[in-house]
Amino acid sequence: MARLFLAIASILGALSVAGGAFGAHALKGKLSETALASFETGVRYQMYHAIALLLVSLLIAQNPDIKGLVTTGWCFVAGVVLFSGSLYGLSLLEIKALGPVTPLGGVAFIAGWISLALASAKLV
C-alpha cells in the first residue's frame, strides 16, 4: 500500500503544480475572480494532501501493521477527488450540481486527519 500511495501522491503533486501553472497563466482573465479563486483553492488543497499522502506512505512503509494509516491515505485520496475535483468542475465547467460535493470532500479530509491522529497513538 505504501508504494501505491507514494505513486498517487506523486501524480497528485505533479497535477497540482500543472494546475497551478494553468490557473496562473491560462485561466487568468478568462475566469471570474470567484471562479479563479475556487480553482486555486482546489489546487492548494490538492497539493497539501499530496504532501500529506506522501508522508502517510512513508509511515505505512515503516509501520505496515497500523491499519489506520491506510484509512488515512484513502480518506486523503477521496478528499482530493471530491473536494478539489468538484472545485475544478465548478470553476472550469460551471457544473453547479457539484456544489454539494465539495463539503463531502472536506469531510473526507477531516476524517483522514482524525484517522491519522488515532493511528499516531500506535506509532509512539
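Bear in mind that the values here come from a model prediction, so they are computed numbers and not experimental data.
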| Just by distance, do the side chain of Ser86 and the backbone of Leu82 share a donor-acceptor pair under 3.5 Å? | yes
| query | Are side-chain heavy atoms of Leu90 and Ile95 found at a separation under 4.5 Å? | reply | no
| said: Could you see if Tyr48 belongs to whatever hydrophobic cluster contains Leu12? Use Ile, Leu, Val, Met, Phe, Trp, Tyr and a side-chain cutoff under 4.5 Å. | reply: yes
| Ser115 side, atom OG; Ile66 side, atom CD1 - distance, nearest 0.5 Å | 11.0 Å
| message | Does any part of the side chain of Phe83, heavy atoms only, come nearer than 4.5 Å to the side chain of Thr41, both counted from C-beta? | response | yes
| Transitive ILVMFWY side-chain link Ile110 to Leu55, under 4.5 Å | no
| message | Show, in sequence, the C-alpha distance, side-chain angles and deciding distance for Ile51 and Met47, and conclude whether the side chain to side chain contact (heavy atoms under 4.5 Å, CB included) test is met. | response | CA-CA 6 Å; Ile51 294 166; Met47 181 57 82; 4.1 Å; yes
| task | Keeping the roles fixed (side chain from Thr72, backbone from Leu116), state whether a donor-acceptor pair exists under 3.5 Å. | result | yes
| Rounded to the nearest 0.5 Å, how far apart are CG of Leu118 and CG of Leu123? | 11.5 Å
| note | Smallest heavy-atom separation, Gly68 atom then Ala119 atom, equals C-CB, 4.1 Å
| Test item: Phe109 and Val80 side chains (from C-beta on) under 4.5 Å apart, heavy atoms | yes
| message | Can you give me the closest heavy-atom contact between Ser91 and Ala35, atom names plus distance? | response | CB-O, 3.1 Å
| Honestly curious: do Phe5 and Val81 fall in one hydrophobic cluster under the side-chain, below-4.5 Å linking rule? | no
| said: Tell me the closest heavy-atom pair linking Phe76 and Ala52, and the distance in Å. | reply: CE1-CB, 3.6 Å
| Ser16 side chain vs Val43 backbone, donor-acceptor pair below 3.5 Å | yes
| query | Nearest heavy-atom pair of Ala50 and Ala9: which atoms, and what distance? | reply | O-CB, 3.4 Å
| message | Atom CZ of residue position Phe39 - does it have more than 12 heavy atoms of other residues, nucleotides or ligands inside 6.0 Å? | response | yes
| Ser38 side chain to Leu87 backbone, donor-acceptor under 3.5 Å | no
| message | Rounded at 0.5 Å granularity, tell me how far NE2 in His49 sits from CD1 in Ile8. | response | 14.5 Å
| said: As an exercise, state the distance from CZ of Arg3 to OG of Ser57, rounded to the nearest 0.5 Å. | reply: 11.5 Å
| Hey, what do you get for CG (Asn63) to NZ (Lys122), rounding to the nearest 0.5 Å? | 11.0 Å
| field | Transitive ILVMFWY side-chain link Met1 to Leu69, under 4.5 Å | value | yes
| query | Transitively linked via ILVMFWY side-chain contacts under 4.5 Å: Trp113 with Val77? | reply | yes
| Spacing of CG belonging to Leu4 relative to CH2 belonging to Trp74, to within rounding of 0.5 Å | 4.5 Å
| field | Sub-4.5 Å side-chain heavy-atom contact between Lys30 and Leu36 | value | no
| field | Shortest non-hydrogen contact from Pro103 toward Pro100 | value | CD-O, 3.3 Å
